[in-house]
Every structure is written in C-alpha cells, then in structure tokens.
Amino acid sequence: MKFGTKAIHAGVEPDPSTGAIMTPIYQTSTYVQSSPGKHKGYEYSRTHNPTRSALQNSIATLENGKHGLCFSSGLAAIDVVIKMLRPGDEVISTNDLYGGSYRLFMKVFANYGIKFHFISMEDVNNIEKYINENTSLIWVETPSNPMMNIIDIAGASKIARKHSVLLAVDNTFSTPYLQTPLDLGADIVMHSVTKYIAGHSDVVMGALVMNDDILHEKLSFLQNACGGVPGPQDCFLVLRGIKTLHIRMQRHCENGRKVAEHLKQHPKVSKVYWPGFESHPNHNIAKKQMRDFGGMISFTMKDDRLENAISVLEKFKYFVLAESLGGVESLCGHPASMTHASIPKVEREKAGLLESLIRLSVGIEDVEDLIADIDQAL
Ligand SMILES: *Cc1c(COP(=O)(O)O)cnc(C)c1O
C-alpha cells in the first residue's frame, strides 16, 4: 500500500456494530463484563480504548512499524521511553534538541540518576566517543530545531547495533511522509502528534512506534502503569487529521521550497537554514533519508539586532507569532527569546542561533500570499 492510501485506510475498519465508516468516539471509561474477567478485549480506558486502538494502528502503519502507542503529549511519550532506564544508565542525545525534551532530561530524569550527554551528531562517528558500558539509549532529532541540522539515521543505527544500545528518533519535524526511521534501523520512533500528524493546531498528543515485541511490551506496560494516555475525542481528531497528511505534507514541502528560495535571494537576509539546499552541510544525507525537505525553515538577517527581529515578527500578517509548528496555518517564532531563551546567549550564538534568527513553519496557504507577507515584513 502506498503512503496516501495508508493515510486514508490504515488501521481503521468500519465500526463492527454499525458499519460506521469513521471510527466512533468511544467516550467511555469502562466496559461491561458478563462474568468476572469475561469481556470483549476492553476493561478500562486507561489500558485500552477502541478509538485509541484505531489511531495507534494507523500511526504504526504510517511509520512501517508493528506497534503504536499514543500518549497525552509528545513529552508524555518521551517520558515512558526514559522510564525504561535505571539509575546509572546513560543517554547520548543530539545537542540541538527540542527545549522541552532537554528540560525533561535535565530537570527531571537527571535527578533520578540518569546521565545525559548532549553532543553534535552531524558526524555520527562522534557518538562512539561517548559510548561506555552504561550507555543504554541514543536520542536523535533530525532535522533539528531550530538549526535544521541533519543526522544520518542509518549511520547512527549501525553504531547503536554494534554496541547493543537502543536508538530512538524524534520524527516530529519530518513525519512518516518524509522519513521512516524504523526502515533505517531505529528501534523507536517518537512523535509530537500535536504538530504535523494532527495538523490542525487543535490537539496535544504524542506517539511511539516500534517493531520489537518485547520493547512494545515494556512500553505498553509503562503507558498503562504511568497513565499518560490521550482521550478518545482527541484520538478521533487525529484520525481525521491523518486522512489528509499526505496532501498537507506535499503542500508544506512545495511552499517550503518556494519560501526558502525566496528568502535566500532576499537582500535583507543573511542565511537560510533548510535541508533542501545543495549548500546545506548534510544535504546528501537529507536526500538519502528524506523523500522531500519539509516546510520548516530558519533564517537570519543582515541587521542582527533584536529590535529588527521583533519588528519583522510584529509585521507578519499570515505568519502568526506562536509556539508550535506543523499546522495548516503558517507560524513564525523567535527561538532566542521564546523556545531557546534558557540557553545562555554565548552558547546560542556558538551554534549559529543569532538574535535575528526567525523560525518559520510554512503552512498550506497560497504561497504567493506567504511570499508577499515576508516581503512586506522584511
Ligand atoms: C513539540 C515537540 C515535542 C513535544 O511534544 P508535545 O506534544 O508538545 O508534548 C517534542 N519534540 C519536538 C521536535 C517537538 O516539536
């Protein structure tokens, strides 16, 4: 089955009791048993819910995986992955990382005796230098946020296999439309479903996908034991969003390319970060592991003063200033004062994250309007 067909059909069956084509919202906490322990596979909705089961199957199929698990947020999904570890275990993570993941690792799990290394992985061989007998997980985010660095997933997976370490990939920016990390050797794929998969800026949710049965058993035990599950209404909204994932992504990519190319030749812009440019340092890896390059773009301006960035952000009409990404509407953000404000300025600027850096999540509006908006704002 090709991707668009999967997006529409995978994991969902007409409702067995009525034939309803759309999976109903099973808004129920419990299920009646005819005799103690005699039930139809559903006992309590933290453990199983039919609307959530349909969504879990759908996301698993999109990622070419065997098992899917959904959570109340992307961070709740990451939370159970780290809860498989024990005090003394070590995690090697990308340094250019979603701020909330960094906060969860350092402000929560570091207190429980888990050690995190944040390293540059643009050359995956760098990972090997940090592996020791306590290493149990490699955490990769590609493309990264907001610098759009690309990490070689197949290369990272070879190193993970060699040392019997798990490899998890945060696939939020790419979605399975662009990249399927399990096919490249990753053990776990993680999503903030909140972003492109749900796609309409109306749900907060997370997901994990894996092939290995034992890994699935451990993670689904934690899903039930810790309890960070999504409700059936949200699962329904995401099932609905997924039906247009391929069409939305196609347009995000088309618009992303045009906006990136327009920014690149704009006299007020100094640098554009987008993996589709041949000049991007890891363009060849992006080309190898991604089917297209997506709608996430960052750029800096020749006038690098904070006031200039603020004035441009205030002038945008269609690119609305907000946290988040991946919805149908275009968004803009200012990492230095929003998502990455907690990182000291010198550290930020070492990584290229200047005061004038603006991050765009290019939506699926008509691109002529988006380009006109950029021009008037700049
Ligand atoms: C938003 C995001 C998360 C966290 O997901 P929530 O759904 O907000 O909890 C994790 N990783 C990336 C790359 C994200 O963009």
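Excluded from the calculations below are hydrogen atoms, water molecules and symmetry mates; all remaining heavy atoms, backbone and side chain alike, are included. Indexing begins at 1, ligand by ligand and atom by atom, following the structure's order.
- For atom 5 (O) of ligand 1, the closest heavy atom belonging to the protein is Ser192 OG, 3.0 Å.
- Look at Asp213 and Lys66 and you find a salt bridge, because one of the NZ, NE, NH1 or NH2 atoms lies within 4.0 Å of a carboxylate O, short of that distance.
- Counting heavy atoms closer than 4.0 Å to ligand 1, residue Asn145 contributes nothing at all.
- Remark: ligand 1 and Ser101 share no N or O pair separated by less than 3.5 Å (distance only, no angle test).
- Remark: minimum distance from atom 6 (P) of ligand 1 to any protein heavy atom is reached at Gly74 N, 3.4 Å.
- Around atom 10 (C) of ligand 1, the closest heavy atom drawn from Tyr98, Tyr196, Phe173 belongs to Tyr98.
- Results of the side-chain contact (heavy atoms from CB on, under 4.5 Å) test with Met121 over Asn95, Asn126, Val140, Asp96 single out Val140 as the only residue that passes.
- Here His252 contributes atom NE2 and Ile364 contributes atom CD1; the two are 5.5 Å apart, rounded to the nearest 0.5 Å.
- Residue contacts with ligand 1, taken as heavy atom pairs separated by less than 4.0 Å, involve Glu141 solely via side-chain atoms from C-beta onward.
- In Lys83, the NZ atom is crowded: over 12 heavy atoms of neighbouring residues, nucleotides or ligands sit closer than 6.0 Å.
- Taking the centre and axis of the six-membered ring of Phe277, the NZ or CZ atom of Lys264 falls inside the cone set by 45° and 6.0 Å.
- An N or O contact shorter than 3.5 Å is missing between Val204 and ligand 1 by distance.
- Remark: Asp304 does not engage Lys271 in a salt bridge, criterion side-chain N to carboxylate O under 4.0 Å.
- There is no side-chain donor-acceptor pair under 3.5 Å between Asn282 and Lys287.
- Under a 4.0 Å criterion applied to the non-hydrogen atoms of Met205, ligand 1 contributes the atoms 7 (O).
- In this structure, atom 2 (C) of ligand 1 lies nearest to the protein heavy atom Lys195 NZ, 2.5 Å.
- Contact atoms of ligand 1 toward Asp170: 10 (C), 11 (N), 12 (C), 13 (C) (distance under 4.0 Å to a heavy atom of the residue).
- To the nearest 0.5 Å, atoms CD1 (Ile188) and CD (Glu63) are separated by 12.5 Å.
- When heavy-atom distances to ligand 1 are checked against a 4.0 Å cut-off, Leu75 comes that close through both its backbone and its side chain.
- Taking every heavy atom of Leu325 and a limit of under 4.0 angstrom, the matching atoms of ligand 1 come to 15 (O).
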